[in-house]
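The structure appears right after this line, and notes come after that.
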Amino acid sequence: LVAGHAPQVEIALGARASATERHGAIAVQRHFWKLTGETIAIREPRSNAPMPGTIAIGTTSSHPMVALMAQQGRVALADIGTEGYHAFLVGDGESAAIIIAGNSPAGAMYGAFAFVEALISRQLGRTPVDVDFRVRPLDDFALDTLDEQSSPFYPARMTLEAESPD
């Protein structure tokens with residue numbers, strides 16, 4: 001992901017990506033800036049097939065790589081609900097691509113957030129609760145494994161706010 005203090009990845013968003021999917025991509029881009037001080041590109045996919053160094057974020061209807069992975073049975077979206085996601089690696093080492101697939105734009109965005117949390121956990125050796133903290137830039141950084149599926153416990157994700165007891 002990072003070599004010689006420079007990002008070795010780019011983010012691929014399909015031509016039909018929603019504002020929600022783009023928000024997830026920007027969260028990933030922002031974290032890579034925190035890791036390296038460099039901004040990684042967000043662009044349309046160069047190919048339908050996963051390419052080394054690509055972080056594909058989207059749904060089967062918005063992203064050709066996600067659609068291809070679903071056609072090949074490599075992405076598991078059937079049982080994770082509308083806002084669920086599946087984030088995983090295709091390939092090994094430097095030739096790997098990262099696929100973050102959601103059943104909906106919100107699911108893809110939550111998958112992007114989970115990917116950022118996986119990077120933070122890998123870097124710091126702990127699970128974060130807030131992604132707005134300072135991290136020391138790294139010269140080299142790799143992600144050996146990623147295969148995470150998640151769906152909300154309740155049918156919709158939302159914020160629970162405590163009411164004032166007064």
Side-chain angles (χ1 to χ4, degrees), residues 1-2 7-36 38-91 95-123 127-133 135 141 143 145-159:
L1 301 175
V2 177
Q8 304 298 305
V9 294
E10 67 181 23
I11 300 167
L13 278 180
R16 293 186 303 267
S18 69
T20 304
E21 291 164 283
R22 185 163 302 283
H23 183 71
I26 290 168
V28 172
Q29 182 186 51
R30 180 173 165 224
H31 186 69
F32 270 89
W33 178 82
K34 286 182 175 185
L35 280 177
T36 66
E38 307 260 340
T39 301
I40 61 174
I42 299 176
R43 55 177 58 122
E44 288 187 26
R46 300 171 196 249
S47 167
N48 289 357
M51 296 179 59
T54 299
I55 301 170
I57 301 171
T59 66
T60 55
S61 61
S62 71
H63 202 298
M65 279 185 220
V66 174
L68 179 64
M69 294 292 97
Q71 288 171 353
Q72 294 177 351
R74 296 176 77 182
V75 61
L77 296 174
D79 297 325
I80 58 174
T82 303
E83 293 188 349
Y85 62 85
H86 185 189
F88 60 100
L89 295 177
V90 176
S95 65
I98 297 163
I99 308 295
I100 301 171
N103 272 331
S104 66
M109 179 187 69
Y110 292 130
F113 293 164
F115 175 64
V116 169
E117 288 185 359
L119 295 176
I120 293 167
S121 295
R122 174 77 176 207
Q123 182 183 3
T127 303
V129 291
D130 181 2
V131 295
D132 282 329
F133 58 85
V135 293
F141 187 76
L143 190 63
T145 61
L146 177 67
D147 190 4
E148 180 177 335
Q149 295 178 21
S150 178
S151 59
F153 181 77
Y154 294 104
R157 297 181 198 252
M158 61 189 75
T159 302

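Along the sequence shown, the residues carry numbers beginning at 1. Every value quoted in this text rests on a predicted model; they were computed, and no experiment measured them. Reckoned from all heavy atoms, side chains included, excluding hydrogens, waters and symmetry mates.
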With [X], which residues qualify under side-chain contact (heavy atoms from CB on, under 4.5 Å), at least two apart?
X	answer
E38	P7, T36
T39	Q29, W33
A101	V66, V75, L77, I99

Over all heavy atoms of both residues, which pair between [X] and [Y] is shortest? Give the atoms and the distance, please.
X	Y	result
N48	P64	OD1-CB, 3.1 Å
I100	A112	CG2-N, 3.5 Å
R16	S61	NH2-O, 2.7 Å
L89	A96	CD2-CB, 4.5 Å
G107	Y85	O-CB, 3.2 Å
G24	F113	CA-CE2, 4.3 Å

Sequence neighbours left out, what pairs pass side-chain hydrogen bond (donor to acceptor under 3.5 Å, both in side chains) with at least one residue falling in residues 68-78?
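Pairs touching residues 68-78 that pass the test: none.
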
Test: side-chain hydrogen bond (donor to acceptor under 3.5 Å, both in side chains). Region: residues 18-27. Which pairs qualify, not counting sequence neighbours?
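Sorted pair list: S18-E21, E21-S62.
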
For the atom pair [atom1] ([X]) and [atom2] ([Y]), what is the distance rounded to the nearest 0.5 Å?
X	Y	atom1	atom2	result
T60	L68	OG1	CG	12.0 Å
E44	I11	CD	CD1	14.5 Å
F115	I57	CZ	CD1	8.0 Å
N103	Y110	CG	OH	13.5 Å
D79	H86	CG	NE2	12.0 Å
I98	F88	CD1	CZ	11.0 Å

Keeping S47 on the side-chain end and A49 on the backbone end, is there a donor-acceptor pair under 3.5 Å?
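Yes, the answer is positive, given that a donor and an acceptor are paired below the 3.5 Å cut-off.
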
Is the side chain of H63 donor-acceptor paired with the backbone N or O of P45 at a distance under 3.5 Å, no angle test?
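No: the side chain of H63 does not pair with the backbone of P45.
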
Please list, chain by chain and in numerical order, all residues satisfying salt bridge (charged side-chain N to carboxylate O under 4.0 Å, His left out) with R43, sequence neighbours excluded.
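Per chain and number, R43 pairs via salt bridge (charged side-chain N to carboxylate O under 4.0 Å, His left out) with E10.
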
I'd like to check H31 versus I120 (side-chain heavy atoms, cut-off strictly below 4.5 Å). Are they in contact?
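Of all side-chain heavy-atom pairs linking I120 with H31, at least one is under 4.5 Å.
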
